[in-house]
Protein chains: 2
Amino acid sequence: MTGVSGPVTYPRCVRLVLARCKVDYVGRLTAHLPMANRLLLIKADGSVSVHSDDRAYKPLNWMSPPCWLLEDGDVWTVQNKAGERLVITIDALIDELNHDLGAEPGLVKDGVEAHLQELLAEQVNTLGAGYSLVRREYPTAIGPVDLLVKDGDGGTVAVEVKRRGELDGVEQLTRYLELLNRDPLIAPVQGVFAAQQIKPQAKTLAEDRGIRCVTLDYDAMRGIEPDEFRLF
Amino acid sequence: MTGVSGPVTYPRCVRLVLARCKVDYVGRLTAHLPMANRLLLIKADGSVSVHSDDRAYKPLNWMSPPCWLLEDGDVWTVQNKAGERLVITIDALIDELNHDLGAEPGLVKDGVEAHLQELLAEQVNTLGAGYSLVRREYPTAIGPVDLLVKDGDGGTVAVEVKRRGELDGVEQLTRYLELLNRDPLIAPVQGVFAAQQIKPQAKTLAEDRGIRCVTLDYDAMRGIEPDEFRLF
DNA sequence: ACGTCCATGTCGTGT
DNA sequence: ACACGACGTGGACGT
């Protein structure tokens, strides 16, 4: 009805609306939803998502924060700074539920790539006798190498760590190796592709390029003391 | 042409539950959510997702269909065939809302990569005078090349079409070119990287590898008749 | 079932 | 702001 201007504070409330509506999105692409019953989920972060009763957790349409919802009668317009627009036209409200959920303590994860890398950094001799860590996230012009290590003979080795080893990871390591091997101060650099699971194509491509593949056992690694402690 | 997924009828209801709960996921990784108020969204497709009041449309935890929800008192266990488990322990139910949304007519999209590829296939002379289409999705052992075309001199050209041109796309085209150029019947094959927007690094890498970069204007292409019609 | 690739990917991190 | 890489990526499509 009336235009809203100035700073908008979101109610600390999740808002669930069941409504018969149609939706149009114009942004990175254009998309249209014909009139039908849907769930509109408006979160305290300002996000709006339009759900049907399928597609798992993915909405049919959505707008991510930061964005702004303007309710003008039965036309709800959600817009972001980039000019993307989500226009929801309400034909009929079916039901609505609001509630303040309070603070979210946060999700705790274990077993992501960072943990693998951390464990392998502590246990580089998993890769071979006499191996030692130079550093994690070794910086290069095209991004950091997961682990830079020395083998038993003092040769340099670049290690790419993945949970799941696929083609992309091999390409990534290949780019690093190309770059590192152009530097006469550090060349020659060998490559190691280390992952919990390595897809056959990735293994083939890697070995075709002279990259050694190592399969990691996260549970075993988690149970093993760091290299330093094992010296005693 | 249009991304229409036909209407699907589900017999059940969307179920919205506000509850104080804790959640544990054990599967591809392990994750834990301490006790707090959350939105549980159970869809007719069987999916379960646990939302806080932020994170845009992404749930904190979820299980995708096909999966099965077992409610045993205040302990809800969702499980899939791979043995991944989501255990939701309910401390208190706050509110609940159920409704049969009925059939979803389906989302219609316009402007995805497939449309770009389709338009460029009709207008290959955008790439150069005398260019002609051999075929879309030209099959190779490592996947289909978006467009295979002939240039004005009868030389073969492999085209990779992207909405946004990034490094991955260049790597992808490079793999195709390597493979195609090993086949004496078709070699030499030139590469063209065509996208609505090409990132500077992708452009640099592509041109370093002798791949030509072409920026596409989707709106303009949509307004242009196919090559065949323009011959008259 | 596996491989490949697109996605309004989203999200964090470092520059 | 941009670039880069991880993600329980998810999902579609082809073999």
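Naming: A, B, ... by sequence-line order, numbering from 1 per chain.
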Those residues that, when tested against A:Arg135, pass side chain to side chain contact (heavy atoms under 4.5 Å, CB included) (two or more places apart): A:Tyr138, A:Pro139

Sugar-phosphate, base or nothing in reach of B:Gln172, heavy atoms under 4.0 Å: sugar-phosphate

Residues forming a salt bridge (charged side-chain N to carboxylate O under 4.0 Å, His left out) with A:Glu137, sequence neighbours excluded: none

Indicate every side-chain donor-acceptor pair of residues 55-70 of chain B with a distance under 3.5 Å to a residue at least two apart or in another chain.
unit_1, atom_1, unit_2, atom_2, d
B:Arg55, NH1, B:Pro59, O, 3.3

Atom-pair distance (CZ on A:Arg164; P on D:dG8), nearest Å: 10 Å

Heavy-atom donor-acceptor pair, A:Asp54 side chain to B:Asp45 backbone, under 3.5 Å: no

Atom-to-atom span, CG of B:Leu167 to P of D:dG5 - whole angstrom: 7 Å

Among C:dC6, C:dT4, C:dT8, the nucleotide that comes nearest once only the side chain of B:Glu160 is considered: C:dC6

Those residues of residues 56-72 of chain B lying under 4.0 Å from DNA chain D by at least one heavy atom: B:Asn61, B:Trp62, B:Met63

Donor-acceptor pair, side chain of B:Thr30 and main chain of B:Val26, under 3.5 angstrom: no

Nearest-Å distance for atom pair CG/P, residues A:Asp146 and C:dT13: 16 Å

Whole-Å gap separating P (C:dT10) and CG (B:Asp54): 16 Å

Sugar-phosphate only, base, or nothing, as touched by B:Tyr138 at under 4.0 Å among non-hydrogen atoms: nothing

A:Tyr25 OH to C:dT8 P, straight-line distance once rounded to whole Å: 8 Å

Salt bridge (charged side-chain N to carboxylate O under 4.0 Å, His left out) involving B:Glu166 - partner list, sequence neighbours excluded: B:Arg164, B:Lys199

Where at least one partner belongs to residues 158-180 of chain B, residue pairs that pass ring-ring contact (aromatic ring centres under 6.0 Å, His included), sequence neighbours excluded: none

Length of the line joining A:Glu137:CD and C:dT13:P, which is rounded to integer Å: 12 Å

Given DNA chain C, 5'-ward residue of the pair B:Arg55 and B:Lys162, judged by closest heavy atom: B:Lys162

Members of residues 34-41 of chain A that approach DNA chain D, where some heavy atom sits under 4.0 Å away: none

Pairs under 3.5 Å (N/O, protein and nucleotides 12-15 of chain D):
none

Any B:Arg175 side-chain N or O less than 4.0 Å from OP1/OP2 of C:dC5: yes

For the student: nearest non-hydrogen atoms of B:Ala158 and B:Leu180, plus distance: CB-CD1, 4.0 Å

Salt bridge (charged side-chain N to carboxylate O under 4.0 Å, His left out) against A:Arg85, all qualifying residues, sequence neighbours excluded: none

Of A:Lys81 and B:Leu86, the one whose closest DNA chain D nucleotide lies more 5': A:Lys81

Short N-O contact, A:Glu71 and A:Arg15, less than 4.0 angstrom: yes

d(CG, B:Leu107; P, C:dT8) in whole Å: 9 Å

NZ/NE/NH1/NH2 to OD/OE distance under 4.0 Å, B:Arg136 and B:Glu118: no

Main-chain N/O of A:Arg20 paired to A:Asp91 side chain as donor or acceptor, under 3.5 Å: no

Residues, nucleotides or ligands: over 12 heavy atoms within 6.0 Å of A:Glu113 CD: yes

Nearest to side-chain heavy atoms of A:Val112, which nucleotide of D:dC7, C:dC5, D:dG5: D:dC7

Residues from residues 196-208 of chain A lying under 4.0 Å of DNA chain D - heavy atoms: none

P spacing across the pair C:dC5 / D:dG8, given as an integer number of angstrom: 23 Å

Heavy-atom donor-acceptor pair, A:Asp53 side chain to B:Leu101 backbone, under 3.5 Å: no

Strand DNA chain D as a dot-bracket string - pairs counted if Watson-Crick or G-U with both distances under 3.5 Å, | where the partner lies in another strand: |||||||.|||||||

N/O donor-acceptor pair under 3.5 Å between A:Asn181 side chain and A:Val189 backbone: yes

Main-chain N/O of A:Leu127 paired with A:Arg212 side-chain donor or acceptor, under 3.5 Å: yes

Sequence-distant partners of A:Asp168, side chain to side chain contact (heavy atoms under 4.5 Å, CB included), two or more places apart: B:Asp168

Residue-phosphate contact under 4.0 Å: B:Arg28 side-chain N/O, D:dG10 OP1/OP2: yes

